[in-house]
Amino acid sequence: MLNKTDHEGLKQTITESVYQYLKEKGIEIDAIPAIILTTPKERVHGHLSTNIALQLSGMVSNNAREIAQFIVKELKKSNEEVFDKIEIAGPGFINFYFKKDLLYTVLHEITAEKNKFGYSDIGKGEKILLEYVSVNPTGPLHVGHGKCAAVGDSLSKILKAAGYRVSTEYYINDHGKQMDVLGQSVLVRYRQLLGEMLEFPENGYQGDYIIALAREVLDKYGIEFKGKDDSETIQFFKSYAQQRILQDIKEDLALFGVEFDNWFSEESLFTQNKVYPVVDRLRQEGFIYLDKGALWFKSTDFGDEKDRVVTRANGEAAYFASDIAYHDDKYKRGFKTLIDIWGSDHHGYISRVKAAIQALGYSRDSFQVLLVQFVTLVRAGKTIGMSTRGGQFVTLKDLLKEVGKDVARYFFLMHSHDSHTEFDLDIAKSQSLENPVFYIQYAYARICSIIKKGETNNIALNDTGKEQIDLKLLDKKEELEILKKLINFKKIVERSAIQRKPYLIAGYLHELASLFHKYYTEHKVITRDKKLSEARLYLISSVKIVLENALSLLGIDAPEKM
RNA sequence: GCGCCUGUAGCUCAAUAGGAUAGAGCAACGGACUUCUAAUCCGUAGGCUGGGGGUUCGACUCCCUCCAGGCGCGCCA
């Protein structure tokens with residue numbers, strides 16, 4: 001029996017009638033396809049639709065409409081009070097039309113669940129480790145990292161809302177050669193500031209932030225390191241630079257509203273001796289061989305295009321080795337699913353990590369990588385260059401200063417993460433028209449304004465007496481559209497969690513805001529008619545809650561006034 | 001050369017696990033403020049979904065092939 005706007009009951013009934021059909025026809029198949037209920041684009045196709053009969057007809061080679069007829073007959077037996085109409089359309093779609101009363105119940109649900117409306121438990125408490133950003137602490141975050149941060153942070157919120165137990169983590173690559181290069185770069189800048197004539201190392205980090213760090217050391221420690229270049233001095237500059245840069249990264253992320261549950265140091269894998277045992281284990285299981293003095297992992301056994309070095313001829317562990325150990329460690333901490341968010345330039349790295357994970361005995365599919373495509377900044381119609389090589393890039397901090405957190409987040413989240421983002425600074429800064437963030441926030445502010453007006457006119461919703469509101473007064477076309485959209489929210493959250501697509505929430509927000517703006521123009525909420533005003537207030541209060549919830553899944557504020 | 005991603009309206013992007021008539025915003029044109037914020041709304045116009053084959057009841061979506069763009073192919077991290 002269908003209950004409220006939850007579709008699980010309906011799916012169950014459909015499943016049963018499918019079995020009934022197969023039984024009567026004496027057909028046996030391995031498994032019936034999952035029942036999928038979609039919301040049709042066209043209103044004439046009902047509130048909900050399923051293509052199960054079409055799918056089945058392919059499998060059992062019977063006429064789809066005939067199957068649909070059987071299913072509908074079964075469904076009608078038990079769902080009379082729920083549906084106005086169940087009909088078969090086109091080649092064999094089954095379309096459901098809710099009774100209007102049922103549409104209204106979503107308002108009670110929203111009011112009761114408030115900021116938990118849209119939450120579900122499809123994740124069943126499964127433990128997921130979500131790792132993202134993980135930028136090397138050798139320089140500031142730039143705009144592209146901002147996109148990864150926005151996607152990761154939002155995804156973690158969405159997954160939590162869908163009932164997963166999510167931990168977020170930033171992996172600090174503080175082990176390899178690059179840290180020495182960093183220390184050396186700052187040291188040279190420091191000595192140059194003191195007037196020494198020194199060549200800047202060819203592979204050094206050239207950005208202005210390196211000079212700024214050198215100046216900082218000079219301010220704090222004076223000429224203490226003048227002319228010195230011993231291992232102790234390098235060590236100092238290395239750790240100083242690393243700590244400061246990491247601190248800046250944390251600050252930038254905090255400005256962006258992003259916080260991690262855990263900061264995981266690569267170095268700790270070595271100090272806790274976790275790297276070599278994993279390599280040994282793979283070796284014992286025959287996945288490692290020796291060639292030209294180096295140890296190679298046989299990733300080709302698992303579909304990678306070539307084998308990969310884990311231990312170099314000089315005995316040092318390659319980056320890949322610590323990464324294997326790191327991912328092994330994630331599983332050992334009890335996570336069932338690992339999601340890594342990487343810049344798309346790392347895509348060549350996926351198959352070797354998957355290979356290692358498989359070799360270690362974990363399921364290949366339990367490790368998922370989301371590749372985030374590049375961001376292009378556009379100003380006045382022209383692309384802004386972002387080469388890191390010359391140290392010329394727009395930092396996340398600069399972007400936040402220019403357009404603010406909410407706009408930056410929305411722009412990163414409004415499109416699919418695996419399509420290139422074109423970030424138009426002129427649109428982002430514009431306070432009107434084309435800026436979708438303001439469009440959405442404006443809808444929210446308008447609702448707040450109406451509610452306030454209602455209060456001054458002595459029309460307000462109090463917690464008691466909501467049952468007395470005459471919901472049947474909400475019979476306008478625009479109102480029914482909004483109700484259907486509200487009902488959809490839970491499904492959108494689930495889908496965006498399962499498919500790891502935060503941008504679905506962004507799209508939903510825009511649609512809901514649009515429906516509201518339309519409604520606002522067509523109908524007045526606060527009128528002389530008190531009953532009607534109350535009913536409409538109840539509706540827009542629900543819209544307000546859902547806007548709030550959706551915005552919070554994206555990490556965007558909902559301003560009461562604009 | 002091999003591999004991954006992308007190609008949809010003039011521009012930026014959608015299209016819910018292969019579903020019904022491919023939709024939004026911007027830009028263009030024409031309308032709507034004595035009204036709860038016009039940062040809004042309504043209308044018009046705009047398409048051989050990069051090209052060509054295939055799979056099936058049905059393809060923007062899957063397969064093959066070609067074209068264009070991005071990225072990657074270290075005993076770097």
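These numbers come from the heavy atoms of this one structure, side chains and all, not from hydrogens, waters or symmetry mates. Below, chains carry the letters A, B, ... as their sequence lines are ordered, and counting in each starts from 1.
In this structure, A:H517 reaches the sugar-phosphate backbone alone: every heavy-atom distance under 4.0 Å involves primed, P, OP1 or OP2 atoms, never a base. At the heavy-atom level, A:A443 lies nowhere under 4.0 Å from the strands shown. Contact annotation for A:K518: backbone-only contact, meaning every heavy-atom pair under 4.0 Å involves sugar-phosphate atoms and none involves a base. Nucleic acid contact class of A:T38 (heavy atoms, under 4.0 Å, all strands): none. Across all strands, A:K491 comes closer than 4.0 Å to no nucleic acid atom at all (heavy-atom distances). Among the heavy atoms of the strands, none lies under 4.0 Å from A:K452. Note on A:L54: a base of the nucleic acid sits closer than 4.0 angstrom, heavy atoms only. Using a 4.0 Å heavy-atom distance criterion, A:A313 is classed as a base contact. Residue-level contact check: A:A34 touches neither bases nor backbone, having no heavy atom under 4.0 Å from any strand. Across all strands shown, A:N136 has heavy atoms under 4.0 Å from sugar-phosphate atoms exclusively, and none from any base. Counting any heavy atom pair closer than 4.0 Å across all strands shown, A:N95 reaches a base atom. Contact annotation for A:S49: base contact, defined as any heavy-atom pair under 4.0 Å involving a base atom.
The P atoms of B:G25 and B:U65 are separated by 39 Å, rounded to the nearest whole Å. Here, B:U56 and B:G18 have their C1' atoms 10 Å apart, quoted to the whole Å. On the C1' atoms, B:A20 is 15 Å away from B:C60, given to the nearest whole Å. A distance of about 16 Å separates the P atoms of B:A14 and B:U61, rounded to the whole Å. B:G47 sits 15 Å from B:C11 when the C1' atoms are compared, rounded to a whole Å. The gap from the C1' atom of B:A68 to that of B:G54 amounts to 23 Å, rounded to the nearest Å. Going from the P atom of B:G23 to that of B:A9 covers 14 Å, rounded to whole Å. The separation of B:C62 from B:C5, taken at their P atoms, amounts to 10 Å, rounded to a whole angstrom.
Classified by interplanar angle (parallel below 30°, tilted 30° to 60°, perpendicular above 60°), the ring pair A:Y276/A:F270 is perpendicular. Relative ring orientation between A:F320 and A:F297 is described as tilted, the plane-to-plane angle lying within the 30° to 60° band.
A:E131 and A:Y170 form no side-chain donor-acceptor contact under 3.5 Å, judged by distance and modelled atom types alone.
Between the NZ atom of A:K306 and the P atom of B:G72 there is a distance of 14 Å, given to the nearest Å. What separates NZ of A:K561 from P of B:C36 is a distance of 16 Å, to the nearest Å. Computed from coordinates, the A:Y439 OH to B:G25 P distance equals 7 Å when rounded to whole Å. Distance A:L370 CG to B:C71 P: 21 Å, rounded to the nearest Å. One atom, NE2 of A:H346, and another, C1' of B:G3, lie 17 Å apart when rounded to the nearest Å. Rounded to an integer number of Å, the gap from CG of A:N62 to P of B:C57 is 13 Å. A straight line from CD1 of A:I52 to C1' of B:G19 spans 13 Å, rounded to a whole angstrom. Remark: P of B:U16 and CD1 of A:I498 are 15 Å apart, rounded to the nearest angstrom.
Annotation: of the two residues near RNA chain B, A:D418 and A:I450, the 5′-most nearest-nucleotide partner is A:D418. Take the nearest nucleotide of RNA chain B for A:P40 and for A:Y349: the residue whose nucleotide is more 5' is A:P40.
Here A:F93 packs flat against the base of B:A20; its ring centre is closer than 5.5 angstrom to the base's six-membered ring, tilted by less than 30 degrees. Remark: ring of A:H347 does not overlap the six-membered base ring of B:G72 in a stacked fashion, as centroids less than 5.5 Å apart with planes less than 30° apart are not both met.
Taking a pair as Watson-Crick or G-U wobble with both distances under 3.5 Å, RNA chain B forms stems of 3 or more consecutive pairs at B:1-7 with B:67-73, B:10-13 with B:23-26, B:28-32 with B:40-44, B:50-54 with B:62-66.
Here the nucleotide nearest the side chain of A:Q373, chosen from B:C5, B:A39, B:A77, is B:C5. In the set B:G19, B:U40, B:A20, B:U40 carries the atom at the smallest distance from any side-chain atom of A:Y442.
Each of A:Y132, A:Y171, A:Y349 was checked for a ring pair (Phe, Tyr, Trp, His ring centres under 6.0 Å) with A:W342, and the lone residue meeting it is A:Y349.
Under 3.5 Å, the side chain of A:D345 and the base of B:G72 form no donor-acceptor pair of N or O atoms. With hydrogens and angles ignored, no donor-acceptor pair closer than 3.5 Å exists between the side chain of A:T521 and the base of B:A32.
Between A:E522 and A:K476 there is no salt bridge, since no side-chain N of the basic residue sits under 4.0 Å from a carboxylate O of the acidic one. Between A:D424 and A:R379, no side-chain nitrogen of the basic residue sits less than 4.0 Å from a carboxylate oxygen of the acidic one, so the salt-bridge criterion is not met. Ion pairing of A:E494 with A:K491 is absent here, as no side-chain N (NZ or NE/NH1/NH2) approaches a carboxylate O to less than 4.0 Å. Salt-bridge check for A:K330 with A:D340: passed, with a basic side-chain N closer than 4.0 Å to an acidic carboxylate O.
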A correct 5'-to-3' footprint of nucleotides 7-14 of chain B, with B, S and - meaning base, sugar-phosphate only and no protein heavy atom under 4.0 Å, is -----SSS
